[in-house]
Structures are given as structure tokens and as C-alpha cells.
Amino acid sequence: MVFDWQPVFLSLKIAGIALFFVSILGLLLALPLARHCFPGKDMIEAIITLPLVLPPVVTGFVLLLLIGRRGPIGKMIEQLFHSQIVFTPFAAVLAAIAVSFPLMYQSAKAALQTVDQQLEDVARTLGVSEVKVFFTVTLPLAWPGLLTGMVLSFSRAMGEFGATAMVAGNIPGKTQTVPVAIFFAAESNNMTTAGLYVLIISLVTFVMVFGVNRWSRRKMSRLLQGRSSHVNS
Amino acid sequence: MLTVEIRKQLPDYLLEMKFAVADNMTVLFGPSGCGKTTILRCIAGLTRPDQGRICLDETVLYDSSRKTCLPSRYRGIGYVFQEYALFPHMTVRRNIMYGVKNYNTAAADTLNELLSLLQIGNLIHRYPAELSGGEKQRVALARALMTGPKILLLDEPLSALDHEIRLELQDELLKMQQMWKIPFILVTHDLREAQKMGQQIIFMENGRPAPKDKQILFFQRSLQL
């Protein structure tokens with residue numbers, strides 16, 4: 001039996017690209033929403049959280065309405081570039097972004113809320129710019145929470161099936177990701193292949209979650225108890 | 001010379017204060033929740049008053065009539081918080097040097113002088129979590145003075161410390177004020193501390209200067225202590 005690694009590489013690539021976008025977007029959106037109250041904030045947060053609680057096929061259906069040939073984005077892309085998004089790896093990236101974004105947003109928001117604002121105030125009184133305050137105080141202190149959000153988002157993007165199947169389909173070598181490959185392998189009774197894919201995706205996810213949990217625990221221990229406890233632990 | 005004339009509506013009362021501070025140790029004294037910290041935050045540019053004017057020498061820090069509000073980073077004001085507010089992910093040295101833009105000979109001299117005066121030279125490679133309360137407060141003081149502020153605001157900096165460390169740091173603060181020759185504004189609700197530290201004491205109650213009879217009562221109580 002020749003094992004096809006292509007779905008594994010494609011899934012890693014799609015999850016990586018999705019992670020890049022959700023990390024930036026999640027942080028940019030969480031920054032104002034974590035610290036400020038304004039009319040319509042609850043509505044915005046509810047919309048952001050929807051893909052997390054809705055079945056992925058619903059997210060896929062909405063995406064299909066938007067990026068399909070007759071959808072507003074799909075039409076625009078067709079006019080501009082004479083091509084379509086659906087059933088391309090790009091559609092799989094969009095599906096991964098849509099389902100993983102709420103996890104990144106929620107983690108980023110929680111991480112930013114844990115940063116003591118007095119520390120940011122001190123930095124301001126010491127004459128540094130808001131950009132420096134963000135990169136030297138806010139970001140390093142929120143980093144463990146942000147990293148957890150990034151791992152969760154990456155894992156969610158890797159495991160995305162419903163929305164991906166709807167907008168990207170199952171084209172071997174082009175849009176076939178690991179979850180889609182597992183589904184079709186199991187459906188055609190190829191349990192060995194399906195099992196290997198399950199093993200690989202579980203292993204990748206486990207290593208990331210385990211590694212980040214371990215790193216976060218050490219980092220927090222260092223912040224709370226100092227270097228000596230870190231060395232001893 | 002710092003002149004403050006501000007009004008700000010707080011949830012429970014209207015904060016309305018007017019005072020001037022020369023190059024001395026001024027104490028803002030009053031019960032918890034009377035608006036002392038809000039005044040410091042307004043001076044530092046961390047909270048915006050509703051109305052009024054704050055000037056430091058020739059510089060207008062805030063003027064509601066001219067819609068001027070200088071951002072905190074341009075005010076040149078040192079601020080020491082009650083809970084130290086040291087950056088937990090930086091060593092003592094990085095904490096102290098945080099606001100220094102150019103590390104030159106003058107900055108190195110100031111650093112060495114502060115480390116020696118505050119006796120924290122042996123702590124520079126430690127993290128805040130490895131310091132005692134008194135050490136943390138010394139580091140916070142060094143960090144605030146390292147940037148060469150025109151005024152130093154101290155928000156109950158000694159309230160979380162043991163009695164002996166507290167007395168020790170009170171003396172150090174007085175010594176630092178005499179050496180730096182800039183206005184120090186100390187917030188406290190401890191009458192004995194106010195009496196010991198303040199060359200000028202501003203009594204506050206519910207956001208306003210306390211009435212004269214209450215101030216006399218405070219003095220009488222302090223004499224009995």
C-alpha cells in the first residue's frame with residue numbers, strides 16, 4: 001500500500017495560512033473589544049462567536065452563498081480574475097479561517113483582559129509610545145494566552161471537515177485535506193488508510209497542545225514565583 | 001511649580017481640587033476613596049478631568065478651555081504605584097532602564113547612583129517575583145527616577161510594607177526628595193506618615209479640601225498619637 005501524504009501536507013499548509021490570518025485578525029479585533037464598551041459590542045461578539053456554535057456545514061453553506069459563482073464575492077473574483085474560489089485550496093483556507101477565528105478571538109480577548117492595565121499605565125508614564133507599550137508589556141504578558149489560542153485555532157483548522165467539504169470538496173491532490181481523506185477512506189472501507197490519517201492528525205494536535213501547556217505552565221510559574229522556582233520545577 | 005485646578009464627576013461625589021506644589025514633599029492626605037489617586041492619575045495624564053487646568057512650570061499639561069491634554073508619555077512625570085507595578089517578565093535592570101531612550105554615560109551614572117542610594121545593586125539580575133515588598137518598592141522608585149522626571153507621584157507606596165521597612169523607606173524618600181529637588185506628591189491615609197513626610201499637607205474629604213475644623217481635629221489626634 002502506498003500511503004498518500006498529500007492530504008497531510010495540504011492540511012498543514014491550510015491550517016498554517018489560516019493561523020496567520022486569524023492570529024492577526026483575532027488580536028486586532030480583541031484589542032478594542034477586550035478593553036472598551038460601546039453600543040453594538042454584544043452584537044459584534046455574538047456574530048464572531050456564531051461559527052463556533054453553529055454546525056460547520058452551516059458555516060460552509062453561508063460561505064458557499066458568499067463565494068459561490070452567484071455569491072457577491074464569487075462574482076467579483078470571477079469578474080476580476082476570471083476564476084472561481086469554490087473547489088480550490090483557497091476555499092479550504094477560508095473555511096478554516098471561518099471556523100477557527102472565534103477560538104482565536106476568545107483566547108486573545110481573555111489573554112488581553114488578564115494583563116494588568118496598571119503595568120501599561122506605568123509604561124506610559126515612563127515616556128514610551130503606545131506601540132512600544134503594546135510590544136514590550138501587553139504582548140509578552142498576554143503571550144501564553146495568545147499562544148493557547150493559536151494552538152487551538154491551528155488544531156481546529158487542521159480538523160475542519162464540514163465547511164471544507166462544502167466549499168472545497170474532495171479533489172485528491174488539490175483540496176483533499178486529512179479530515180476529508182479520513183471520511184472518504186472510511187466510507188470506501190479503507191480502514192488502514194483512515195486509521196493512519198487519524199493517528200497522524202491526533203499526534204500532531206497532541207504534541208502541539210501538550211507542548212504549549214507545558215511551556216505556558218513554566219512561563220507562568222516564572223512570572224509568579226521567580227526564576228528559582230522555574231529552575232527547580 | 002505644579003498648579004492643579006480640576007473638576008471631575010466621580011460615581012459618588014464631585015472631585016473639585018485646587019492646589020499648588022513647590023519643590024518639596026507634599027502629602028495628599030485623606031480617607032480611602034476620597035479622590036487622592038484620581039488626582040495623581042489626572043496629573044500623570046492617565047485619567048482626564050472634566051474641567052480645569054494643570055500646569056507644570058511653563059508647560060500646560062491639561063487645559064479644558066483650550067482643549068489641551070498632553071499625553072502621559074510627554075509629561076515627564078514619574079509615578080510609583082501602591083502595588084509596585086514592576087514588569088514581571090523583566091529583570092530589575094530592565095525594569096529600571098525601561099524608560100531610558102539613550103543609554104549613555106550620564107544614564108549609566110544615574111543608574112549607578114540610584115542602585116547605590118537605594119541599595120539594590122545586588123538585585124539587578126533578579127525578577128520581581130524574587131524580591132521582597134521593600135525591594136520591589138525601591139526598584140519602582142529607581143525606575144521612576146531613572147527617566148529624570150520633573151515631578152514624582154507616589155500613590156500610597158508604603159502601605160503594603162511592614163512597619164520597620166516602612167519607616168526606613170520614609171527616610172529614604174525624604175532623602176531622595178532633597179537630592180532630586182523636584183516636587184514629590186505622596187498619597188497616604190496614614191496620619192503619622194503624613195505628619196512625618198509632609199512639608200505641605202493637603203487634607204481631603206469626598207473630593208474636596210477638608211474643612212478647617214476637621215484639619216485641626218486631625219492635628220490634635222496626631223499630637224495624641
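Residue numbers begin at 1 in each chain, while the letters A, B, ... track the order of the sequences. What's counted below: heavy atoms across the whole structure, side chains too, no hydrogens, waters or symmetry copies.
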Any idea which of B/Gly76, B/Ser72, B/Gly45 has the most non-hydrogen atom pairs under 4.5 angstrom with chain A?
B/Ser72
Shortest non-hydrogen separation from B/Pro88 to A/Leu141 and the atoms involved
CG-CD2, 3.6 Å
Which atoms of B/Tyr98 come close to chain A, meaning under 4.5 Å heavy atom to heavy atom: side chain ones, backbone ones, both, or neither?
both
B/Ile77 versus chain A, heavy atoms under 4.5 Å apart: side chain, backbone, both or neither?
backbone
Inter-residue atom distance A/Gln118.CD - B/Asp155.CG, 0.5 Å rounding
8.0 Å
Residue pair B/Phe87 / A/Leu119: nearest heavy atoms and the distance that separates them
CE2-O, 3.3 Å
Is a side-chain donor or acceptor of B/His89 paired with a backbone partner of A/Thr136 at a separation under 3.5 angstrom?
yes
Let me know if B/Arg41 has heavy atoms under 4.5 Å from chain A in its side chain, its backbone, both or neither.
side chain
If I take atom OG1 from residue B/Thr47 and atom CG from residue A/Asp121, how far apart are they, to the nearest 0.5 angstrom?
7.5 Å
In short, B/Lys101 meets A/Gly127 closest at the heavy-atom pair NZ-O, 2.8 Å
Within 6.0 Å of NZ in A/Lys41, more than 12 heavy atoms from elsewhere
yes
Name the region of B/Leu153, side chain, backbone, both or neither, that has any atom closer than 4.5 Å to a heavy atom of chain A.
neither
Evaluate the side-chain proximity of B/Thr147 to A/Leu126: yes if any heavy-atom separation is below 4.5 Å, no if none is.
yes
Would you say the side chain of A/Val133 lies within less than 4.5 Å of the side chain of B/Arg73, judging by non-hydrogen atoms?
no
May I ask you to check whether over 12 heavy atoms, not counting those of B/Phe19, lie within 6.0 Å of atom CZ?
yes
Counting only non-hydrogen atoms closer than 4.5 Å, does A/Asp116 touch chain B with its backbone (N, CA, C, O), its side chain (CB onward), both, or neither?
neither
Taking atom CZ of A/Phe61 as the centre, does the number of heavy atoms from other residues, nucleotides or ligands within less than 6.0 Å exceed 12?
no
